[in-house]
Structure formats: C-alpha cells, structure tokens
Amino acid sequence: MDKFRADLHEHLDAVWDGASIAVGGFGSSGRPDALLNALCDLGKRDLHLYVNNVGDDFTGIGRLVMEGRVRRLTGSFPVLPEFYDEYFAGRVELELIPQGTLAERMRAGGAGIAAFYTPSGAGTMLSDGSFPLAYAAGSPDRFVPAKEERSFDGRPHVLEHGIRADFGLVKAQQADPKGNVRFHLSARNFNPLAAMSGRTTFVEVERLVGTGDLGPDDIHLPGVFVDHVVMTAAPIPADLPRRAAMTQDG
C-alpha cells in the first residue's frame, strides 16, 4: 500500500474535535510543525495533546495553545510562559508527569501494555492527588487523581497507564512508500514512541525515497506504525504573533 499523500489537509481533516493526539519532538527538534499548523488551519479544537513540552515559540504546539485549541496537555515541562497564563486562567488543563514516564507510557500503549509500575513520581504531588489539573477564578478547581501505589523491594512505585492516543503526529527525515521511516540524529527523540502510541499516525518528512532505498539498519520506525506520509512544505517560521498582536489585528 502506498502511504504517500499529496494533500495534507484532505487527510488530516480526519482528526475530530476533542481527539487525543500523541506528538513527537523535543522543543523544536523533530517537531511536526507542518502537521500541527495544519490542525490550526483546519480549525480543530478541544484537543488533548500528549507531548514532552510546548516549545518556546508560537508555531506548532505553541500556536495550538495560543489559539485556544488545546483542552488538556499531558507533558513533562511546558516551558512557554504564555502557556501558564492559559493554565492559571483555567483555559487549558495540565497533567504533569516525569519525562521518562511519558516516554514509557507512549511505548507501552503502542506495544499493547495496559499499565506498569514505576518509582518516578511516587510520594510526590504528581501522584498523591494534590496536583491541580485545572484552575478556576485563580484557584485550583480540579486535581489529577491519586495514582495506585505498591511497594517493590521496599521502594514505593506508582501505577502508570499506557497511552493509546487517537492520532500520532511525527516528524522524520525520510520515508518510503510503505511508511518505513528514518529520523535524523536527535530528532529521533519522542517521535518513534508517539507514532506507536497513535491509532492512526501521520508522518511529515523532508524527503520521499523509493521502496528499498532505506537499508534495514536505516529504518528507525517500521511502516506498520504509519498510516499517512506527507512531504514537508517550506520551513514554517517560528515568529507567529503573540496573543496580544493577534487580538489587535482582529
């Protein structure tokens, strides 16, 4: 089956409002900006994103947040200051989890593992039910539920669930028609895990190659985890206007 898609928007429009989406990338490294910005262009809203961080600019995840299209973000360190404005104003929910736990939750979900125990976060506000999931009128309104805890070898562990997202969005360097993918250096980061986590996965690539052009050792993600491959357009600028500027421009 040929997984190359000429029209990005036609196929990405299958993402419904309220969908959960696992997103690859670490900051701007390996971030699928073409796919994320296309979600904005298509007007998608009420999204639940699983992603390591928001980034520090206003394209991709940052643009989705600033346009009010994200209902909940599950991630490790959303460093964008404006994200916290949205969080404390009650316009977006935050489920904060350790970075390694996020990676393993994506991998587990893709591998069919329902849940696992980890010592990360045990005995902290990330697991005892005291971390605010959402704010209202400047005060915590709802909290992330407490996690089940057990002791192994005398050390407390918490139960974490595998992430099975509705969609996976991934950025890669090369792909062949069967959806076999190669990543470039550090852009490999969360991308294979996000692809595995998605029930339907889109990959944007910088270069399309023929079947057999990627050697077995060059395939970092097998095509079985990929449904759609699109070619990345020209680089997307990271200088989209801030909320104030957008408001001023109407």
Side-chain angles (χ1 to χ4, degrees), residues 15 19-40 47-66 69-87 92-111 113 116 118-121 124-127 131 133 144 147 158 160-173 181 183-199 201-204 220-221 225-226 232 236 238:
V15 176
S20 60
I21 305 176
V23 183
F26 190 106
S28 60
S29 178
R31 188 176 59 191
D33 281 344
L35 293 170
L36 295 168
N37 285 305
L39 290 177
C40 294
L47 303 175
H48 180 181
L49 301 183
Y50 297 95
V51 62
N52 184 53
N53 57 69
V54 177
D56 58 0
D57 52 34
F58 296 91
T59 188
I61 299 291
R63 181 181 171 190
L64 282 165
V65 170
M66 298 309 295
R69 304 184 183 282
V70 179
R71 168 178 51 86
R72 179 182 295 188
L73 187 136
T74 299
S76 300
F77 54 100
V79 296
L80 186 69
E82 285 77 2
F83 170 83
Y84 290 97
D85 295 338
E86 301 297 300
Y87 173 52
V92 63
E93 300 171 351
L94 172 62
E95 180 188 8
L96 193 66
I97 60 177
Q99 183 172 260
T101 299
L102 175 64
E104 182 61 10
R105 285 184 62 185
M106 287 184 179
R107 192 202 68 82
I113 299 171
F116 59 92
T118 174
S120 298
T124 74
M125 65 184 303
L126 299 185
S127 63
F131 187 86
L133 173 68
V144 176
K147 297 176 181 177
V158 293
E160 296 282 1
H161 293 266
I163 294 170
R164 199 73 173 114
D166 297 319
F167 297 93
L169 302 185
V170 170
K171 170 69 178 295
Q173 184 188 48
V181 166
F183 300 98
H184 181 63
L185 300 175
S186 60
R188 195 168 174 177
N189 55 62
F190 277 78
N191 275 306
L193 309 174
M196 293 174 64
S197 176
R199 292 185 174 88
T201 291
F202 292 80
V203 179
E204 63 170 84
H220 301 148
L221 176 70
F225 292 111
V226 175
T232 301
I236 297 173

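These numbers come from a predicted model, not from an experiment.
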Pairwise distance [atom1]([X]) to [atom2]([Y]) - rounded to 0.5 angstrom:
X      : Y      : atom1 : atom2 : answer
Leu126 : Thr101 : CG    : OG1   : 9.0 Å
Leu102 : Ser120 : CG    : OG    : 12.0 Å
Arg72  : Glu93  : CZ    : CD    : 4.5 Å
Leu39  : Ile21  : CG    : CD1   : 5.0 Å

[X] and [Y]: which non-hydrogen atoms are nearest, and at how many Å?
X      : Y      : result
Asn53  : Gly27  : OD1-N, 3.2 Å
Asn189 : Pro192 : O-CD, 3.6 Å
Gly30  : Asn191 : O-ND2, 3.0 Å
Ala194 : Gly24  : CB-N, 3.6 Å
Ser76  : Leu96  : O-CD1, 3.0 Å
Gly110 : Phe225 : O-CE2, 4.3 Å

Quick one, [X] and [Y] - any side-chain contact, counting heavy atoms below 4.5 Å?
X      : Y      : result
Arg71  : Leu47  : no
Arg105 : Phe116 : yes
Ile163 : Leu193 : no
Leu169 : Leu36  : yes
Glu86  : Val65  : yes
Ile61  : Leu73  : yes

Taking ring-ring contact (aromatic ring centres under 6.0 Å, His included) as the definition, give me every residue that meets it alongside [X], ordered by chain and number, with sequence neighbours left out.
X      : result
Phe190 : none
Phe183 : none
Phe131 : none

Next item on the list: Answer yes or no: is there a donor N or O on one side and an acceptor on the other, between the side chain of Ser29 and the main chain of Phe26, under 3.5 Å?
Entry: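 Side chain of Ser29 to backbone of Phe26: no pair is present.
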Check: Quick one: does Gln173's side chain have a donor or acceptor within less than 3.5 Å of a partner on His184's backbone?
Finding: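 Judged by distance alone, no pair lies under 3.5 Å.
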Notebook entry, point to check: By salt bridge (Lys or Arg N to Asp or Glu O under 4.0 Å), which residues pair with Arg164, not counting sequence neighbours?
Noted result: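 Arg164 satisfies salt bridge (Lys or Arg N to Asp or Glu O under 4.0 Å) with no residue once adjacent residues are dropped.
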Item checked: salt bridge (Lys or Arg N to Asp or Glu O under 4.0 Å) partners of Glu104, counting only residues at least two apart ->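 Glu104 satisfies salt bridge (Lys or Arg N to Asp or Glu O under 4.0 Å) with Arg107 only.
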Next item on the list: Take Ser20 and Tyr50, measure what side chain to side chain contact (heavy atoms under 4.5 Å, CB included) needs, and give me the verdict at the end.
Entry: CA-CA 8 Å; Ser20 60; Tyr50 297 95; 4.0 Å; yes
Note to self: Quick test of your reading: applying salt bridge (charged side-chain N to carboxylate O under 4.0 Å, His left out), list the pairs with at least one residue in residues 186-199, sequence neighbours left out, ordered by first then second residue.
What the structure shows: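 The answer is Asp166-Arg199.
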Notebook entry, point to check: Between Glu95 and Thr74, is any side-chain donor less than 3.5 angstrom from a side-chain acceptor?
Noted result: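 Note: Glu95 and Thr74 side chains meet the donor-acceptor criterion.
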Check: Mind checking whether Phe83 and Tyr87 have parallel, tilted or perpendicular rings, split at 30° and 60°?
Finding: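 If you compare the ring of Phe83 with that of Tyr87, the planes turn out parallel.
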Next item on the list: Please report the C-alpha distance between Lys147 and Ile97 in whole Å, then the side-chain angles of each, then the deciding distance to 0.1 Å, and finally whether the side chain to side chain contact (heavy atoms under 4.5 Å, CB included) criterion is met.
Entry: CA-CA 12 Å; Lys147 297 176 181 177; Ile97 60 177; 3.9 Å; yes
Check: What do the steps show when you test Glu82 against Asp85 for side chain to side chain contact (heavy atoms under 4.5 Å, CB included), and what is the final call?
Finding: CA-CA 5 Å; Glu82 285 77 2; Asp85 295 338; 4.2 Å; yes
Next item on the list: Check the pair Arg31, Lys171 against side chain to side chain contact (heavy atoms under 4.5 Å, CB included), reporting the backbone distance first and the verdict last.
Entry: CA-CA 6 Å; Arg31 188 176 59 191; Lys171 170 69 178 295; 6.0 Å; no
